[in-house]
Structure formats: structure tokens, C-alpha cells
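Here's the structure we're looking at; comments come further down.
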Amino acid sequence: MRSVQDDQLVRPTVEDGVAAAGSELIGGPVGRRALLGVSWWTPARVIALVAIGMFALGMVQKLPCYNHGWFFGATTQYTHACYSDIPHLYSGRGFDQGLIPYFDRIPQSVSGGMDYLEYPVLTGLFMEVAAVFTPGGGSIQHREQMYWFANAGMLLACTAVIAVCVARTHRRRPWDALLVALAPAFALTATINWDLFAVALTAAAMLMWSRGRTVATGVLIGLAAAAKLYPALLLGPLLVLCLRAGRPRVFLSAAGAAVGSWLVVNLPVMLTHDAGGFHIRDGWSQFYRFSQERPIDFGSVWLFISQRTGNPLDDANVYAELLMLLGCLGIAALGLCAPRRPRFAQLAFLVIALFILINKVYSPQYVLWLVPLAALARPKWRDFLVWQACEVLYYLGIWFYLAYTGSGDKHQGLPPEGYQLAIVLHLLGTLYLCAIVVRDILKPERDVVRRDGSDDPSGGLLDGAPDIFVFGPARRASRHAEHSDEVRVQWGTGSRSS
């Protein structure tokens, strides 16, 4: 049975106090008779335009670096908080010389010790395409500027894709995607690196899952994992949810498609052949070797511990892997023992947040991984903005800390103690949002998405599916409900008849 309100869009200004207060800037909450989505100005198009506008503001914020900071002064790009990897790696990874990623070795004079490009294959392709669009004439500074612009244009397209996909993932809640479009940390970090490409593929995978297109979901997850490693973790939540719903074949279909698409992209670059047979290409494995061998770095909890204790934490890899395993087991137990099967976006957010929290490095742009998932998992403006405030403070903290360490005896910027506080704020903000999502899982009636009686609007084939494999108190409650003739609350606070 479906609610009579299934085709009515949820209006944030009606159910969210923060959204209602913020709407006063544009005339107040939407009225009961407003005709939404009946003209060209559909929610997805409005949200895409807002996201593009915020992206443009983020580009404007980089202007001090575009004209000066990337090229002159040791710390100018840090004091203006406008750093980007993109222009530096144009020459630093041999794109200005026409080198082919993974096949051509980078000259040591420009690579800073990196023999080959240290990014996954699809990200390398993205970078190469931008290099093709970069004009070849002029000074190296001009070409680096044009390379950043070429990448910014492609990342802008990724931003529009993300906005539309998130808006369409929850059919009745498209306006939740405004959380993505208006996220300040999204605008600030969008052009630091190439993460938005993987985020766009992941958002498209979430959309395909919500539409019940399992194979397409797997293909997109595989492609996203070929651009950035983290999307492969989404297969874990899918496994847990499919097991609980008693539909392992659905998971196997998605996982098989993910592995297949990843192999199709990677095999041509991965393998090289000589008289001795096939071998793994050194250029292809650079990303994986670098990820394993790199020491603890900026933003991580391990750096905080190391700076506070003086311990270099040479075994951080072991600690991180152990914590990741234990954390994934905990998330799996939560998914199998919760009163109701969690929504896909909730478990996806938790597993990616876990990876970020225990990783050896936290680059500022990693927040992009979580923004779309947070909008789907906990579409509540207050909680989202609390987390975003912590991320913006961390964004400022890392650049001012680098200004401090790079200014010699002047020490102009944020000292180590201040940067450690910024790390703590980032960790606490992410943990806060994780705690809220866990609470929503344990108390489904607190989940704003389920208050109208919905199950999992982004759950695709699992939306409304019965629980088959349940453990703990939820199993006993389910058995009792099966023998009860009373009206009960099945999803959220919506009542359904047994």
C-alpha cells in the first residue's frame, strides 16, 4: 500500500524550521497553492542552476591564486586559501610535455619524486582530456591557467550531474538536493582536485539504484572506483541490505557489473606484455603503491596523535586497516539488527565517513565524497550546516597552517596547536553527523524521510521489501508483528494495516 501523498513533493520550508527561516531572504516559505514542477522550472533544473552558481562563486574565490598565488610567493596561495593541485600538476606530471599517463615516466626534475601519475585510470583520463583542450602556445604560466580553466569547465559539468542525480534520487524529496547545491564546503573545494568526477559517477550510481536498475548501478560503481577508490566501499552496504531483504542475487548482479566495468577500464592500462608474458605495469600500480606507502599526512587523526605525542606512528597502515575492518563489521551489525532495514543512503554515508575518519590523510576536497550522501542520509538543514561549519573551519585551518610552516621564521599563519584544533573540529563534525544517522537507523520514527510512511525512496528493488534475515531484538519484534492483527507503525510514523 502506498500513501495518497506519494506524488506530492515534500517542501523543506514546511517541514524544516531552518529552511523556513532561510526562505525569508527570498520571500518566505512556499504557500499551499504554489504550483511546483509544472513549468520549465522543475526542482532538478532549479537546483542544477543554484549548484552552477555556487560553483562559479568558488571559482571567484580562487582569483587571487589564478592571477598571482599559484606562481609567485611561497605562501600567497595559502594565505588567500585558494590553493589547487590542478595548475601545479599540469607541468608536475608532464602534461605540458605531452607525456601519456601510466605509459611515460615523469622526469625527476619536475615530478618531485613521483615516477608516474599517482591517480586511478579514469581520473588520469580526465586530466589528459583537459590537457588536450589546453592551448599549447604562450608561457607555462598561461598554459597552467588555461589547464585549470579546462578542468574547471569539466568539473562544472560534473557538478550539474551531481545536483540533478541527487534531486531525482528521492522522487518526492527533490529539494533535499539544495543541501548539495548550497553547501559552502562544496563550493570552496570543488576545483582543488579532480574528486568531483568520481562523486558524479557515484551520484549517478545512487540514482540508478533508486530506479531499480541494478546492472547500471554496478557499472557506475565500477567506473567511479576506477576514478577514485572510495566508491567501491558502497558494495558493502548493498551486500548487507540485500542479505537482510533475502535478495542476494540483486547484490551479485550489481557487484558483477561493478567488477566487470572496473576491469574493462583498467586492464588495457594495467597489463603489459613482453617475452616473459603479462606483467602489471608500474605506471598503473603507482596509485596503489603510493596509497600504501605514503606516511600519515594532513588532516588525519593519526597526524593529530603523532603531533601530540611525538610518535611517528610508522604502523598507521595496520591500525587504519584494523579499525576499518572493525568499523565495517559494526556497520554490518547495525544494518542487520536495526528495527527496520536502514536506507541505502544511510549505510553508504556511514561507511564512507568511516573511511574518511580513519584514513592516513584528509585532503580538504574529500568532503565532496560525503556531501551528496549526507543530503540523502540526513536531509535536515540544522545538522547539515553544523557539519559544514566544521568543514569550512578545517578548510581555512589547513591553508593557514601551511602558511605558518612555509613562512620561515616569520611564522605567519596558524600554529600547530591551532591546526590540531581544526582537525578535531573536522573529526567532531563528521562524528556528529554519523551519530545522528545512527540514531535515525535505531529509531526510524526520527528519520525525516520515513515520517510520511515511506520505506526507502532511494532503495530501488529493496524499497518496501520485507525483512528476511534479521538479528537481535528486531527479529523477535518482527515475529510478534507477524502474528498480530493490530494496526502498527511499519515505516516511520505512518500506520499500515497488518
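Computed from a predicted model, the values in this text were never measured in an experiment.
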Query raised in the report: Does a side-chain N-to-carboxylate-O contact under 4.0 Å join K380 and D383?
Result: no
Report task. Would you mind reporting whether R171 and P457 have side-chain heavy atoms less than 4.5 Å apart? Result -> no
**Report entry** Flag side-chain contact, heavy atom, 4.5 Å: I86 against N193
**Finding:** no
**Report entry** Pair C434-F349, side-chain contact (heavy atoms from CB on, under 4.5 Å): steps then yes or no
**Finding:** CA-CA 8 Å; C434 288; F349 173 83; 3.9 Å; yes
Query raised in the report: Do L461 and T214 touch side chain to side chain, with heavy atoms closer than 4.5 Å?
Result: yes
Requested in this report: Could you check L427 against V301 for side-chain contact (heavy atoms from CB on, under 4.5 Å), going step by step and ending with a plain yes or no?
Outcome: CA-CA 8 Å; L427 295 172; V301 64; 4.0 Å; yes
Requested in this report: Determine, stepwise, if the pair R341 / D467 fulfils salt bridge (charged side-chain N to carboxylate O under 4.0 Å, His left out).
Outcome: CA-CA 7 Å; R341 185 176 59 253; D467 282 342; 2.8 Å; yes
Query raised in the report: Does the side chain of W41 reach to within under 4.5 Å of the side chain of L49, using non-hydrogen atoms?
Result: yes
Requested in this report: Check for a donor-acceptor pair, side chain of N266 on one end and backbone N or O of W262 on the other, with a separation under 3.5 Å.
Outcome: yes
Query raised in the report: What do you reckon, is CZ of R211 surrounded by more than 12 foreign heavy atoms closer than 6.0 Å?
Result: yes
Query raised in the report: When you look at W387 and Y432, which way does the ring-ring contact (aromatic ring centres under 6.0 Å, His included) test go after all the steps?
Result: CA-CA 7 Å; W387 169 58; Y432 167 76; over 10 Å; no
Report task. State, to 0.1 Å, how close R172 and S454 come at their nearest heavy-atom pair, and which atoms those are. Result -> NH1-OG, 4.4 Å
Report task. Report the relative orientation of the aromatic rings in Y419 and Y401; use parallel for angles under 30°, tilted for 30 to 60°, perpendicular for over 60°. Result -> parallel
Report task. Could you grab the distance from atom OG1 of T169 to atom CG of L376, nearest 0.5 Å is fine? Result -> 5.5 Å
Query - Nearest atoms (heavy-atom pairs only) where P342 meets L241 - result: O-CD2, 3.3 Å
**Report entry** Pairwise distance OG1(T202) to CG(L368) - rounded to 0.5 angstrom
**Finding:** 11.5 Å
Query raised in the report: When you look at L178 and V46, which way does the side-chain contact (heavy atoms from CB on, under 4.5 Å) test go after all the steps?
Result: CA-CA 9 Å; L178 276 177; V46 171; 5.6 Å; no
Query raised in the report: Considering all heavy atoms of both residues, which atom of A48 and which atom of V164 are nearest to each other, and what is their separation?
Result: CB-CG2, 4.0 Å
Report task. Among residues two or more places apart or on two chains, list those pairs meeting side-chain hydrogen bond (donor to acceptor under 3.5 Å, both in side chains) that have a residue in residues 343-354. Result -> R343-D447, Q346-D447
Query raised in the report: Any side-chain heavy-atom pair from F287 and V121 closer than 4.5 angstrom?
Result: no
Requested in this report: Give a yes or no on whether the backbone of I296 and the side-chain of S300 come within a donor-acceptor separation of less than 3.5 Å.
Outcome: no
Query raised in the report: Can any side-chain N or O of S253 pair as donor or acceptor with the backbone N or O of R249 at less than 3.5 Å?
Result: no
Requested in this report: Using the six-membered ring wherever Trp is involved, compare the ring planes of Y394 and H426 and label them parallel, tilted or perpendicular (cut-offs 30° and 60°).
Outcome: tilted
**Report entry** I358 backbone acceptor or donor facing Y319 side chain under 3.5 Å
**Finding:** no
Could you go through residues 360-367 and list every donor-acceptor pair under 3.5 Å that involves a side-chain atom there, pairing it with any protein atom two or more places apart or in another chain?
residue : atom : partner : partner atom : Å
K360    : NZ   : S291    : O            : 3.1
K360    : NZ   : Q292    : O            : 3.1
K360    : NZ   : R294    : O            : 2.8
K360    : NZ   : N317    : OD1          : 2.8
Y362    : OH   : E391    : OE1          : 2.6

Query - Reported CH2-to-CZ distance for the pair W369 and F355, which is rounded to 0.5 angstrom - result: 5.0 Å
Query raised in the report: So, for I441 and P339, which heavy atoms are closest and what is the spacing to 0.1 Å?
Result: O-CD, 3.7 Å
Query raised in the report: Are W194 and F197 near enough that their ring centres are under 6.0 Å apart?
Result: no
Requested in this report: Output yes when a side-chain donor or acceptor of Y395 lies under 3.5 Å from a complementary backbone atom of A81, and no otherwise.
Outcome: yes
Query - Salt bridge K228-D195, side-chain N to carboxylate O under 4.0 Å - result: yes
Report task. Write down the atom of L201, the atom of L220, and the distance for their closest heavy-atom approach. Result -> O-CB, 3.9 Å
Requested in this report: Over all heavy atoms of both residues, which pair between M59 and A152 is shortest? Give the atoms and the distance, please.
Outcome: CE-CB, 4.0 Å
Query raised in the report: Between R439 (side chain) and P444 (backbone), is there a donor-acceptor pair under 3.5 Å?
Result: no
Report task. Check R446, R340, R378 against D440 for a salt bridge (charged side-chain N to carboxylate O under 4.0 Å, His left out) and give me the one that passes. Result -> R378
Query - Any Y230 side-chain heavy atom under 4.5 Å of L370 side chain - result: no
Query raised in the report: If you round to the nearest 0.5 Å, how far is CD1 of I331 from CG of L354?
Result: 5.0 Å
Report task. Taking the side chain as every heavy atom from C-beta outward, state whether L334 and L442 have any pair of such atoms under 4.5 Å apart. Result -> yes
Query raised in the report: So, does Q388 use its side chain to make a donor-acceptor pair with the main chain of A185 at under 3.5 Å?
Result: yes
Report task. Indicate yes or no for a side-chain donor-acceptor contact from S84 to the backbone of T191 under 3.5 Å, with no hydrogens or angles considered. Result -> yes
**Report entry** Ion pair R450/D456, N-O distance below 4.0 Å
**Finding:** no
Query raised in the report: Does S261 reach the main-chain N or O of A258 with its side chain, forming a donor-acceptor pair under 3.5 Å?
Result: yes
Query raised in the report: Say you draw a straight line from CG of L322 to CG of D315; how long is it, rounded to the nearest 0.5 Å?
Result: 12.0 Å
Query - Donor-acceptor pair, side chain of W209 and main chain of G459, under 3.5 angstrom - result: yes
Query raised in the report: Are any non-hydrogen side-chain atoms of L196 and I162 less than 4.5 angstrom apart?
Result: yes
Report summary line: Between the CD1 atom in I192 and the SG atom in C82, the distance rounded to the nearest 0.5 Å is 10.0 Å
Report task. In sequence, state the C-alpha distance, the side-chain angles, and the governing distance for L233 and I352, and then conclude on side-chain contact (heavy atoms from CB on, under 4.5 Å). Result -> CA-CA 7 Å; L233 295 172; I352 303 303; 3.9 Å; yes
